[in-house]
Number of protein chains: 2
Amino acid sequence: MLATMRVTTTQSLFDEMLQRIQTGAWPVGQAIPSERSLMQEMGVSRIALREALSMLRSLGVLDTGHGRKSVVRRVSTELLERILPLVCALEPGGSYGQVFEVRLALETPAAGLAALRRTGADLQRLEELANEYARQETVAGHYPRTDLEFHLQVAQATHNPLITTLLNVISRYVIAVQSHSWNSGIPVAWDRAKRAHFSILEAIRAQDPDRARVEMEAHLRYTAALAPAIK
Amino acid sequence: MLATMRVTTTQSLFDEMLQRIQTGAWPVGQAIPSERSLMQEMGVSRIALREALSMLRSLGVLDTGHGRKSVVRRVSTELLERILPLVCALEPGGSYGQVFEVRLALETPAAGLAALRRTGADLQRLEELANEYARQETVAGHYPRTDLEFHLQVAQATHNPLITTLLNVISRYVIAVQSHSWNSGIPVAWDRAKRAHFSILEAIRAQDPDRARVEMEAHLRYTAALAPAIK
DNA sequence: AAATTCAACTGGTATTACCAGATCGGCCTC
DNA sequence: GAGGCCGATCTGGTAATACCAGTTGAATTT
């Protein structure tokens, strides 16, 4: 026997099973062997095995359920969406301005990438959202939602899921804070924002990344400047 | 009793304990009650309790160990560091290129912000790291580490913790993949990278955000182009 | 052939016991 | 009396076993 087995049984099981998933030995979307057969194969107790499984489940890579077999789930962006707010919340000094900086940094090049890669479907969806946004006349809470959807569709058009995920989380946060501060709303700002959306849309339609970047950055900076300095 | 308790015992325990941590009932850095006392207080078996605890542990909010009490840990970036490779590995298109895009998008404006906000201490640290990096002659694995440290120090100089956190995670992953592909290393690339670090340093010293951005973007694009197209 | 039922899976929970690291107080030595 | 040694007893980690409860699918019944 070794001097001391530094890692616990649970940990080694977790590593082993995670590796099987990453290497594709346990393909995504497919069921893994039952707990009973696994504890035989690996020569461990069900306790240790289940603790390792519960770690995988809490990470979102396993979809378990009472009575059915456990299947490997694709760890998609939802995991990041759960984690990022947690990190942002616990990180001290996570003020609005700092989050906005990240949004600006990400979304500006994202607009450029979207201009390069947008498909016909992307363009159509963007058009719909820009029009829907332009139709909004009321001061109702719909405003931030359609605005958000337009921006997220731009992110979607980059066809980079990581960008989409990050912007999803960050934009949601930024817009939530913004709409909170614009309790009454400023009509003239809306008109400008509506025109800005169409400008961005046209740049993306023309597949002009530089113009898309410029328009997006101007739009974001303007809306940010509207929000009265938040703490 | 309710018709059916939809959530499992483990899940409700997890929620309960996570809430205790978030509300501060179980303060960060402090030990939580022992498993035996918890299973008495909550009226559950040790199995369910331990599975919930293992979920907390896998999220990084609990620091458990053999023989000592479990203490509440602050969720730091390490959680993201563990998750991101997983997402990239399992996401079908979550390739190196997509992660690099995010790094480029974030680090370029970060260099600009660093130029505006760097303190004297930031500058000194950057200088040390650039020099240390320049001294590296061997092909040893030190190369990526000092390179990473320089870049992270640039992020640090933005004094935006969210940028620091995100770049910490993303750069780590990008550089890990890069160093993996540069098995032999290309000396001429090193020289260029060393000069690039000094160029960035000088721009930050001069507090010239535009130049810092340009230099950083050029540096990143060059090193990325070196990595032989990684699927 | 279609609907129904039931038996054999599956994962979820509970009980009990023991192992091993960590701790701290009392004891022994100096 | 002060300091180091040591073990009783805390802690979490692992194990074996049993049973509960959804799920499933094949055999049975209509």
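Numbered from 1 within each chain, the chains take letters A, B, ... in sequence-line order.
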Separation of B:L62 atom CG from D:dG13 atom P, in whole Å? 10 Å
Looking only at atom types and distance, does a side-chain atom of A:T165 sit under 3.5 Å from a main-chain N or O of A:P161, one as donor and one as acceptor? yes
Below 4.0 angstrom, N of the basic side chain to O of the carboxylate: do A:E128 and A:R125 qualify? yes
Of all residues at least two apart in sequence or in a different chain, which pass the side-chain hydrogen bond (donor to acceptor under 3.5 Å, both in side chains) check with A:R118? none
Could you check whether the side chain of A:H66 and the base of D:dG22 have a donor-acceptor pair of N or O atoms closer than 3.5 Å, going by distance alone? no
Below 4.0 angstrom, which residues in residues 26-35 of chain B have at least one non-hydrogen atom near DNA chain C? none
With a 4.0 Å heavy-atom cut-off, tell me which residues in residues 38-55 of chain B come close to DNA chain D, sorted by residue number. B:R46, B:R50
B:D63 and B:K69 ion-paired at < 4.0 Å: no
What class does the angle between the rings of B:H197 and B:H219 fall in, given that below 30° is parallel, 30 to 60° is tilted and above 60° is perpendicular? perpendicular
Measuring from the side chain of A:T10 (C-beta onward, heavy atoms only), which nucleotide among C:dT13, D:dG13, D:dT14 has the closest atom? D:dT14
For atom CG of A:D63 and atom P of C:dT10, their distance in whole Å: 17 Å
Take atom CD of B:Q11 and atom P of C:dG12, then tell me their distance rounded to the nearest Å. 11 Å
Should B:T64 be listed as having a side-chain N or O under 4.0 Å from OP1 or OP2 of D:dG13? yes
Are A:T119 and A:D122 close enough that a side-chain donor and a side-chain acceptor fall under 3.5 Å? yes
Can you tell whether the side chains of B:E41 and B:R20 come within less than 4.0 Å, N to carboxylate O? yes
Show, in sequence, the C-alpha distance, side-chain angles and deciding distance for A:D147 and A:T223, and conclude whether the side chain to side chain contact (heavy atoms under 4.5 Å, CB included) test is met. CA-CA 11 Å; A:D147 180 54; A:T223 55; over 6 Å; no
In whole angstrom, what separates B:R68's CZ from C:dA20's C1'? 14 Å
